[in-house]
Q: 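I have a structure I would like to understand better, so I am pasting it below and will then ask my questions one at a time.
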Amino acid sequence: MDNFKNLRGTVDLLPDQLIKWQNVEKLILEQLFRASVKEIRTPILEMTELFMRGIGEGTDVVSKEMYTFLDRGERSCTLRPEGTASVARALIQNGISTKPSQKLWYMGPMFRYERPQAGRQRQFHQLGVEFIGYESVRSDIEIITLAWDILDKLGIKELNLEINTLGDDIDRSNFQKAFLKWLEVNKNSLDLDSQKRIDKNPLRILDTKNVQTKQILEDAPKLFDFLSKKSLERYINIKEKLKLLKIPFIENSSLVRGLDYYTHTAFEITSGLLGSQATVCGGGRYDNLISQMGGTETPAIGFAIGLERLILLSGKDLEKSRDTDIYIVNKGFNAETLAMDLSRKLRNFDLKTELDVSGASFSKQFKKANKIKSKSIIVIGDDEASKREFVIRLFNNEISEDQQETISIEDNIKLEKWLKSNLLLDLKL
RNA sequence: GCGGGCGUCGCCAAGUGGUUAAGGCAGUGGCUUGUGGCGCCGCUAUUCGGGGGUUCGAAUCCCCUCGCUCGCCCCA
């Protein structure tokens, strides 16, 4: 019989890899805490309609990438392809006012049915941050700098921040009218993909990768020319502030992004080190999403970072884990009982300990302790148990019995003193 | 959904039609039942992703299939 395999596009994260994940997540969480961003957790499963309306039916994500199925009650359910729609839903549904504005983050798995490749999986993980109820230029800047600083804190270099503005819905519909008119005339010069988008999602034609279409588009109307004075000023203001803060960015007028809900600011952070899936962070303003979903008019802006890609970019120093401080070698009925007691006692200290529960020979247990590079060992055998004591010893580079010390089971003071002078001191340095 | 590359042990790999499927790493047992690192000696793929075919004979050739991978589209 064949063994079971994971589904295509999903991966097992194994213990050794998770050290890096945990280190990365820890740094992120600290950064978010310091910026007073609060966590929100929403279900991974939502009704399909939420994403169709929230993200937009014309988008690639909704039209061809969702994991959708009928549950036993014949309801159409979808594994979330992104987090923003769920957060918006949760706020509206729970009557959480955005009057005192909300700064929220979430982290977890997302699902998109695509062909896997480097930096792309069907189940992947995102960290998302949403500032809800904020419309100031400063909130745009703070979102961008927050994303930028998280990447920076992780020591990631060679990043590019690209920004653009999409205007508000009026700007956009004005532009769209003109653009559609132009498209009608030039339809036959476009590549097939772009032609298909004319009805479904014309704005997306703007960031086609087709070289020929790109050239032709140079003569097309520009969204930029349809921005209202207010929208334009807003954008200029953002660029100025980024300059003042010395956040390097490049303007990319074809940056549209694949989700319908964006307005005004759109941005992406990419890295050349990622191969063809270069985007590590994408975000933008979505002032209409919440009202479209039945909430009150609420401006908002957010971003999402792809954790797999982030991990790929993060340095080797985050792969290191702390070595075991004490390995407890024990054998014999009475000894094993004492060892368990001692093991529990040791967990009251900020130490990483491991109790050998294999029952293997002493020699095996020593080998194990050595193999995992334990900094020290405790030995309890029948000899020690009968005297109610144990032997503790630093496991240095050289084998020498001189450093060994015998401590009575009850002598907590001596134990603590030994730990402080041999193990705990190192930690503080 | 569409292209290209690839599938031999947990990992890295030799083998390109002749029969005993090298080797290394890891794992495991022992030398060495209570004191580790080194060393030495064992063990670890009836089988080459799966199925079918060609052949006296296939991991090696052919067909199908599955999977992985890179890229396109798009995104995190």
Side-chain angles (χ1 to χ4, degrees), chain A residues 1-3 5-9 11 14 16 55 58-65 80-84 107-128 147 151 191-194 196-197 201 204 207-210 255-259 268-271 274-283 302-313 327 329-332 335 356 358-385 391-401 403-404:
Chain A
M1 196 183 92
D2 282 350
N3 289 324
K5 287 200 67 185
N6 61 319
L7 288 167
R8 178 168 218 194
V11 296
L14 302 174
D16 287 348
I55 300 170
T59 62
D60 282 6
V61 169
V62 170
S63 64
K64 57 179 203 188
E65 294 171 4
R80 64 182 184 193
E82 57 102 53
T84 305
M107 187 149 54
M110 305 291 164
F111 303 82
R112 291 184 198 174
Y113 193 92
E114 298 180 272
R115 280 290 278 274
Q117 63 191 73
R120 168 184 294 165
Q121 297 162 195
R122 288 181 175 179
Q123 178 179 341
F124 61 102
H125 297 80
Q126 281 187 341
L127 159 74
L151 298 170
D191 61 285
L192 282 176
D193 272 339
S194 294
K196 273 184 225 157
R197 287 198 185 117
N201 201 346
R204 284 217 56 80
D207 68 356
T208 179
K209 300 285 194 307
N210 186 294
L255 178 66
V256 174
R257 303 196 48 73
L259 314 179
E268 269 185 24
I269 300 174
T270 61
S271 168
L274 277 174
S276 72
Q277 311 305 320
T279 306
V280 63
C281 173
F303 69 78
I305 287 177
L307 293 182
E308 277 79 4
R309 292 178 191 177
L310 187 64
I311 298 280
L312 285 174
L313 291 171
Y327 193 85
V329 172
N330 62 106
K331 193 162 177 64
D356 191 298
S358 68
S361 67
F362 279 99
S363 133
K364 284 255 181 300
Q365 294 189 39
F366 287 119
K367 280 183 178 153
K368 174 78 188 293
N370 181 60
K371 205 177 128 197
I372 64 170
K373 295 188 169 71
S374 182
K375 289 181 201 141
S376 70
I377 55 168
I378 278 175
V379 182
I380 310 180
D382 286 333
D383 295 352
E384 289 81 8
V391 165
I392 189 163
R393 129 175 207 203
L394 268 182
F395 231 36
N396 285 328
N397 292 325
E398 295 192 17
I399 304 170
S400 124
E401 312 214 0
Q403 300 148 316
Q404 191 161 302

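Note that this is a predicted model, so its numbers are computed, not measured. To find a chain, count down the sequence lines: A is the first, B the second, and so on, and within it residues start at 1.
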Q: Checking only heavy atoms, does the side chain of A/R120 share a donor-acceptor pair with the base of B/rG71 at less than 3.5 Å?
A: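 By the distance-only test, no, there is no pair.
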Q: May I ask which nucleotide in the shown strands pairs with B/rC68, Watson-Crick or G-U wobble, both distances under 3.5 Å?
A: B/rG5
Q: When we call it a touch if two heavy atoms are under 4.0 Å apart, what does A/G282 touch: a base, just sugar-phosphate, or nothing?
A: sugar-phosphate
Q: Starting at atom CD of A/Q365, determine the distance to atom P of B/rG29, rounded to an integer number of angstrom.
A: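 A/Q365 atom CD is separated from B/rG29 atom P by 13 Å.
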Q: Taking atom C1' in both B/rC63 and B/rC25, what distance in whole Å separates the two?
A: 37 Å
Q: Using the rule given for side-chain contact (heavy atoms from CB on, under 4.5 Å), can you reason through A/K64 versus A/E114, listing the C-alpha separation, both sets of side-chain angles and the distance that settles it, and then say yes or no?
A: CA-CA 8 Å; A/K64 57 179 203 188; A/E114 298 180 272; over 6 Å; no
Q: Can you check the distance between B/rG1 and B/rG23, where both ends of the measurement are the P atom (answer in whole Å)?
A: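 Pairwise P distance, B/rG1 against B/rG23, rounds to 43 Å.
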Q: Output the single nucleotide from B/rU69, B/rC73, B/rG34 whose closest atom is nearest the side chain of A/Q117.
A: B/rC73
Q: Would you mind telling me which of B/rG71, B/rG34, B/rG67 lies closest to the side-chain atoms of A/R115?
A: B/rG71
Q: Examine distances only and state if a side-chain atom of A/D60 and a backbone atom of A/E65 form a donor-acceptor pair shorter than 3.5 Å.
A: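 Not at all, since once roles are kept as given, no pair shorter than 3.5 Å links the two residues.
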Q: Whole-Å distance between B/rC2 C1' and A/D60 CG?
A: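 Value for this atom pair: 15 Å.
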Q: Within the structure shown, what part of the strands sits under 4.0 Å from A/S276 by heavy-atom distance: base, sugar-phosphate, or nothing?
A: base
Q: For A/K373, answer base if it contacts any base atom (sugar-phosphate contacts may also be present), sugar-phosphate if it contacts only those atoms, and nothing otherwise; contact means non-hydrogen atoms under 4.0 Å.
A: nothing
Q: Starting at atom CG of A/L7, determine the distance to atom P of B/rC66, rounded to an integer number of angstrom.
A: 15 Å
Q: Quick one: label A/E114 by what it contacts on the DNA or RNA (base, sugar-phosphate, nothing), any heavy atom closer than 4.0 Å.
A: base
Q: Counting C-beta onward and ignoring hydrogens, is there a side-chain heavy-atom pair between A/L151 and A/L310 closer than 4.5 Å?
A: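 Result yes, sub-4.5 Å side-chain heavy-atom pair found.
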Q: Say we look at B/rU28 and B/rC61: how far apart would their C1' atoms be, to the nearest angstrom?
A: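 It comes out at 40 Å once rounded to the nearest Å.
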Q: For A/I380 and A/F124, take the nucleotide of RNA chain B holding the closest heavy atom to each; which residue's nucleotide lies nearer the 5' end?
A: A/I380
Q: Could you tell me whether A/Q123 contacts a base, only the sugar-phosphate backbone, or nothing, with contacts defined as non-hydrogen atoms closer than 4.0 Å?
A: nothing
Q: Answer yes or no: side-chain N or O of A/Q277 and base N or O of B/rG71 forming a donor-acceptor pair under 3.5 Å.
A: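 Answer is no: no donor-acceptor pair is held.
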Q: Out of B/rG34, B/rC74, B/rG27, which has the shortest distance to the side chain of A/K371?
A: B/rG27
Q: Across all strands shown, which nucleotide pairs with B/rU32 by Watson-Crick or G-U wobble geometry, both distances under 3.5 Å?
A: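 The base-pairing partner of B/rU32, which may sit in any strand shown, does not exist here.
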Q: What I want to check is whether an N or O donor and acceptor connect the side chain of A/R257 with the base of B/rC74 at under 3.5 Å.
A: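 Checked by distance alone, the answer is no.
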Q: Are the ring of A/F362 and the base ring of B/rG34 both nearer than 5.5 Å at their centres and tilted by less than 30°?
A: yes
Q: Run the numbers on A/F124 and A/R112 for side-chain contact (heavy atoms from CB on, under 4.5 Å), then give the verdict.
A: CA-CA 8 Å; A/F124 61 102; A/R112 291 184 198 174; 3.8 Å; yes
Q: Between CG of A/N6 and CZ of A/R122, what distance do you get to the nearest 0.5 Å?
A: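 With rounding to 0.5 Å, CG (A/N6) is 11.5 Å from CZ (A/R122).
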Q: Choose from B/rC75, B/rG34, B/rG67 the nucleotide whose nearest atom is closest to any side-chain atom of A/T279.
A: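 Within the option list, the nearest is B/rC75.
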Q: Nearest 0.5 Å, please: how far is CD in A/E82 from CD in A/Q126?
A: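 One finds 7.5 Å between CD of A/Q126 and CD of A/E82.
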Q: Ignoring backbone atoms, test whether A/K364 places a side-chain nitrogen or oxygen under 4.0 Å from the OP1 or OP2 oxygen of B/rG30.
A: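 It does, given that an N or O in the side chain of A/K364 lies less than 4.0 Å from OP1 or OP2 of B/rG30.
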Q: Can you find a heavy atom in the side chain of A/Q117 that is under 4.5 Å from one in the side chain of A/S276?
A: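 Yes, their side chains come closer than 4.5 Å.
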Q: Check every strand shown and say whether A/R112 touches a base, only sugar-phosphate, or nothing at a heavy-atom separation below 4.0 Å.
A: base
Q: Is A/E65 touching bases, backbone alone, or none of the nucleic acid, heavy atoms closer than 4.0 Å?
A: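 The answer is sugar-phosphate, as A/E65 gets under 4.0 Å only of primed atoms, P, OP1 or OP2.
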Q: How many whole angstroms separate atom CZ of A/R122 from atom C1' of B/rG1?
A: 11 Å
Q: Can you measure A/F366 atom CZ to B/rG36 atom P for me and round it to whole angstrom units?
A: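 Spelled out: CZ on A/F366 to P on B/rG36 is 7 Å.
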Q: In the structure shown, which nucleotide is the Watson-Crick or G-U wobble counterpart of B/rU60, with both distances under 3.5 Å?
A: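 Checking every strand shown, B/rU60 finds no partner, since no pair has both distances under 3.5 Å.
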Q: Under a 3.5 Å limit for both distances, which nucleotide forms a Watson-Crick or G-U wobble pair with B/rC43, could you say?
A: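 Its partner is B/rG27 (Watson-Crick or G-U wobble, both distances under 3.5 Å).
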Q: NA contact type, A/A118, heavy-atom cut-off 4.0 Å: base, sugar-phosphate, or nothing?
A: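 Counting heavy atoms under 4.0 Å across all strands, the contact made by A/A118 is with sugar-phosphate only.
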Q: Given the C1' atoms of B/rG42 and B/rU32, what is the spacing between them in whole Å?
A: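 It comes out at 16 Å once rounded to the nearest Å.
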Q: Could you please name the option among B/rC74, B/rU35, B/rG34 that lies closest to any side-chain atom of A/S363?
A: B/rG34
Q: Write down the distance separating the P atoms in B/rA21 and B/rC9, rounded off to the nearest Å.
A: 16 Å
Q: Where the side chain of A/K64 is defined as all heavy atoms beyond and including C-beta, which of B/rA76, B/rC73, B/rG36 is the nearest nucleotide?
A: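 Comparing B/rA76, B/rC73, B/rG36 against the side chain of A/K64, the answer is B/rC73.
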Q: Are side-chain heavy atoms of A/R120 and A/E308 found at a separation under 4.5 Å?
A: no
Q: Kindly indicate whether the side chain of A/E384, heavy atoms from C-beta on, has any atom under 4.5 Å from the side chain of A/V391.
A: yes
Q: Taking atom P in both B/rU16 and B/rA59, compute the distance separating them and give it to the nearest angstrom.
A: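 Comparing P positions in B/rU16 and B/rA59 gives a spacing of 13 Å.
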Q: Using whole Å, what does the distance between atom P of nucleotide B/rC75 and atom CG of A/L255 come to?
A: 9 Å
Q: Distance check needed: B/rG36 P versus A/D356 CG, whole Å only.
A: 15 Å
Q: Using a heavy-atom cut-off of under 4.0 Å over every strand shown, decide if A/E308 touches base, sugar-phosphate, or nothing.
A: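 Nothing, no heavy atom under 4.0 Å.
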Q: Determine the interatomic distance between P on B/rG53 and the same-named atom on B/rC43; round to the nearest Å.
A: 37 Å
Q: Between B/rG7 and B/rU60, how far is it from one P atom to the other, in whole Å?
A: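 Looking at atom P only, B/rG7 and B/rU60 are 12 Å apart.
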Q: To the nearest angstrom, how far is A/D16 atom CG from B/rG10 atom P?
A: 18 Å
